[in-house]
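Heavy atoms only: backbone and side chains are in, while hydrogens, waters and symmetry mates are out. The residues of the chain are indexed from 1 along the displayed sequence. Bear in mind that the values here come from a model prediction, so they are computed numbers and not experimental data.
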Amino acid sequence: MYGLSVDVMRPWAVLRTARVVLRSDDPRASRLACLTRVKGDDHQVFETDSRSVHWEEFLALTVQLEIDVHLGAKFSAKEIAQAEWCHLLGTSTNGYPQPEDTYRERTYDLSSA
C-alpha cells in the first residue's frame with residue numbers, strides 16, 4: 001500500500017496526507033508520537049502531510065509497525081472550484097451513543113419519567 005499510494009500520487013502537485021488512529025494503550029503509538037501531531041482522549045490520532053520533513057519516515061515506520069494508514073489529499077479552494085467532478089468519502093465516525101451504552105440517558109431527560 002505504501003509504495004503504490006505514494007507513487008500514484010507523485011505526478012500531481014497535491015498536498016498528500018496520512019492519518020493513523022490507534023487506541024491510547026497501543027504500544028506502537030510511542031514510536032509515532034515524536035513525528036506527528038497527536039490528539040484524542042481514549043485514542044490517539046497521528047497526522048502528517050507531504051510538506052513534513054518526516055513524511056517518508058512516517059510512512060516507512062507505519063509499514064514496519066504494520067499500522068493501517070489512511071492516505072488522502074488536500075486541495076486548494078481554486079482546485080476544488082475547477083474540478084470536473086467530486087467524490088466525497090467520510091474519514092471517521094462521530095461516535096453517537098449506542099442503545100447498549102448510555103443512549104437513553106444521553107438522548108432523553110429521564111428526570112421526570
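- With sequence neighbours left out, the side chain to side chain donor-acceptor pair (under 3.5 Å) criterion links S76 to E79.
- Shown here for T17 and A73, the closest heavy-atom pair between the two residues is OG1-N, 3.6 Å.
- Side chain of R19 to main chain of G72: no donor-acceptor pair is present (N/O by atom type, distance under 3.5 Å, no hydrogens or angles).
- S52 contributes no side-chain N or O that, together with a main-chain N or O of D49, makes up a donor-acceptor pair within less than 3.5 Å.
- For the atom pair CG of L59 and OG1 of T48, the computed distance is 8.0 Å after rounding to the nearest 0.5 Å.
- A 4.5 Å side-chain heavy-atom check between T62 and L32 finds at least one atom pair inside the cut-off.
- In this structure, the side-chain contact (heavy atoms from CB on, under 4.5 Å) partners of A29, at least two apart in sequence or on a different chain, are L22, Q44, F46.
- The side chain to side chain donor-acceptor pair (under 3.5 Å) test applied to R31 returns no partner, not counting sequence neighbours.
- Annotation: the span from Q64 atom CD to E57 atom CD amounts to 10.0 Å, rounded to 0.5 Å.
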